[in-house]
Amino acid sequence: MSTAGFPATRLRRLRRTSRLRSLVRETRLDLGDFVMPLFVCPGDGVVHPLEGLPGIGQRSVDALVDETEKLVALGVSAVLLFGIPEEKDEEGSGAYDEDGIVQRALRELRARFPELVLATDVCLCEYTSHGHCGVVHGDEIDNDASVELLARTAVSHAEAGADTVCPSDMMDGRVGAIRAALDDSGFEQIPIVSYAAKYASAFYGPFREAAESTPAFGDRRGYQLDPANVREALRECELDVQEGADALIVKPALPYLDVLRAVRERFELPVGAYNVSGEYAMLKAAAQAGWLDERQAALESLTAIKRAGADFIVSYWTKELAEWL
Ligand code: PBG
């Protein structure tokens, strides 16, 4: 600690020019830390824009390939796939169908982009007719029955070419079940990036339009974390680490920077943050109204997420960021 106070010490000296500020900057954004979410839907030549997620669309496999081509040319190194199936049913069977929408997309992308990191969201909510993240028995989400289906989903993603699977359902025991299922199928090299601390958040609003996954009844508070709790989030992380998670994700990001910092300090694993749809939509809307500068506000938000401790960030700004950096 320096002992001298003002006037010997003047912190403004190192802020005088942009070059000086650059020398002492503590946090930098690197495109290699970013993951771009992509939504794949049925059809051919489809690019369906999403009102709440400007610039992000649902794309059929062929259109997804074109978009990915652009991302790769811009230097993006990782994408996270979400699927909108042809049909939904009670058991979410489209999630683990070997010919499901994400599996088809994976095969196409794998063949064309051997180096791109292909990550997949492992959850049932986009595939169930009721929109919950697990199977419903009575008025309960049946944990253990859901876990079995999630493990099948993860294996089918690995078979189709995924580099990593990201369970986002918040069922108890899913990381251990997915690890065992992957290992049994010869995928001991596929890491599990677990959404360990996923909150029951209002900030997923635009995503649910994109993924067509709004629950038909009730909400997700019976399985996602209570926004008021941080110690419970650390217990979730602890269990996922014990079950074999290779990296942890905190989600959402901006309203949960304290959680991100706490997870960063407690665990040695890589920690990611999901800068979710509502965080993106808020800035897009404010920028559209002329109330703030989108680029500045986005860069500041992403820097804050990194400063709080994220090693990697899932963000809808990844493509624009590639152009900005
Ligand atoms: C699936 C899932 C959700 C998001 C990612 N995976 C939605 C939810 O749990 O309701 C949200 C992502 C975003 O808002 O950008 N369970």
Side-chain angles (χ1 to χ4, degrees), residues 34-40 50-58 79-85 88 92 94-96 101-102 119-128 130-136 141 143 146-147 149-150 153-154 157 164-171 174-175 178 192-227 236 248-256 272-285 298 301-302 305 310 312-319:
F34 282 82
V35 182
M36 179 71 183
L38 295 172
F39 298 96
V40 56
L50 300 161
E51 219 183 307
L53 281 173
I56 312 291
Q58 294 175 344
V79 298
L80 173 61
L81 295 179
F82 293 93
I84 299 99
K88 306 189 184 223
Y96 39 91
I101 187 74
V102 163
T120 59
D121 188 80
V122 174
C123 195
L124 299 184
C125 67
E126 298 121 73
Y127 305 91
T128 50
H130 44 73
H132 277 288
C133 301
V135 286
V136 177
I141 315 301
N143 189 87
S146 304
V147 163
L149 300 180
L150 290 160
T153 303
H157 290 174
T164 179
V165 292
C166 312
S168 72
D169 51 282
M170 291 302 280
M171 298 299 129
R174 92 270 208 215
V175 170
I178 290 173
I192 300 174
V193 177
S194 173
Y195 293 90
K198 175 169 176 182
Y199 286 86
S201 172
F203 290 94
Y204 306 145
F207 172 93
R208 292 189 185 163
E209 175 211 347
E212 300 173 12
S213 65
T214 306
F217 65 91
D219 54 41
R220 303 205 206 289
R221 285 180 232 194
Y223 40 102
Q224 298 179 344
L225 280 164
D226 185 329
E236 281 286 0
L248 305 169
I249 296 181
V250 173
K251 172 183 177 182
L254 290 173
Y256 296 87
Y274 198 137
N275 176 222
V276 302
S277 58
E279 301 173 43
Y280 175 82
M282 283 194 298
L283 292 201
K284 283 278 177 193
S301 300
L302 297 171
I305 295 168
F312 63 95
I313 303 175
V314 182
S315 177
Y316 299 97
W317 271 297
T318 299
K319 186 180 182 190

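Read the numbers this way: they start at 1 and go in the same order the structure lists the ligands and their atoms.
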In ligand 1, which numbered atoms sit nearer than 4.0 Å to a non-hydrogen atom of D121? 1 (C), 6 (N)
Do F34 and N275 make a side-chain contact, defined as non-hydrogen atoms from C-beta onward lying under 4.5 Å apart? no
Can you confirm, on distance only, whether ligand 1 has an N/O atom lying under 3.5 Å from any N/O atom belonging to E126? no
Contact between ligand 1 and E279 is defined here as a heavy atom of the residue under 4.0 Å from a ligand atom; is it met? no
About how many Å separate CZ of R220 and CD1 of I141, when rounded to the nearest 0.5 Å? 9.0 Å
Here the gap from Y256 atom OH to S201 atom OG, rounded to the nearest 0.5 Å, amounts to 5.0 Å
Nearest heavy atom to atom 14 (O) of ligand 1 wins, so pick from S277, A200, S213. S277
Determine whether the side chain, the backbone, both or neither of F82 has a heavy atom under 4.0 Å from any heavy atom of ligand 1. side chain
Check C125 against ligand 1 and report side chain, backbone, both or neither, counting heavy atoms closer than 4.0 Å. side chain
Looking only at the side chains, is there a donor atom on one of Y195 and D121 sitting less than 3.5 Å from an acceptor on the other? yes
For atom 5 (C) of ligand 1, grab the closest protein heavy atom and report residue, atom and distance to one decimal in Å. K251 NZ, 2.4 Å
Specify whether Y280 and Y316 have parallel, tilted or perpendicular ring planes, treating 30° as the upper limit for parallel and 60° as the lower limit for perpendicular. tilted
Whether K251 engages the ring of Y204 as a cation-pi pair (distance to the six-membered ring centre under 6.0 angstrom, angle to the ring normal within 45°) should be assessed. yes
R208 heavy atoms, cut-off 4.0 Å: which ligand 1 atoms fall inside? 8 (C), 10 (O)
With heavy atoms only and a cut-off of under 4.0 Å, state how S168 meets ligand 1: side chain, backbone, both or neither. both
What is the nearest protein non-hydrogen atom to atom 12 (C) of ligand 1, stated with its residue, atom name and distance? F207 CD1, 3.4 Å
Where do I305 and A273 come nearest, in terms of heavy atoms and distance? CG2-CB, 3.5 Å
Location of contacts on D169 toward ligand 1, heavy atoms closer than 4.0 Å: neither
Find out whether R208 and P215 are in side-chain contact, i.e. whether some heavy atom of one side chain is under 4.5 Å from a heavy atom of the other. yes
Would you confirm whether the ring centroid of F39 sits within less than 6.0 angstrom of the ring centroid of F207? yes
Determine, using heavy atoms of Q224 and all atoms of ligand 1, whether some pair is separated by less than 4.0 Å. yes
Measuring from non-hydrogen atoms of Y274 to any atom of ligand 1, is the shortest distance under 4.0 Å? yes
Starting from atom 16 (N) of ligand 1, which protein heavy atom do you reach first, and at what distance in Å? K198 NZ, 2.9 Å
Please determine whether any non-hydrogen atom of Y316 lies less than 4.0 Å from an atom of ligand 1. yes
Measure the shortest side-chain to side-chain distance between L149 and S146 over non-hydrogen atoms and say whether it is less than 4.5 angstrom. no
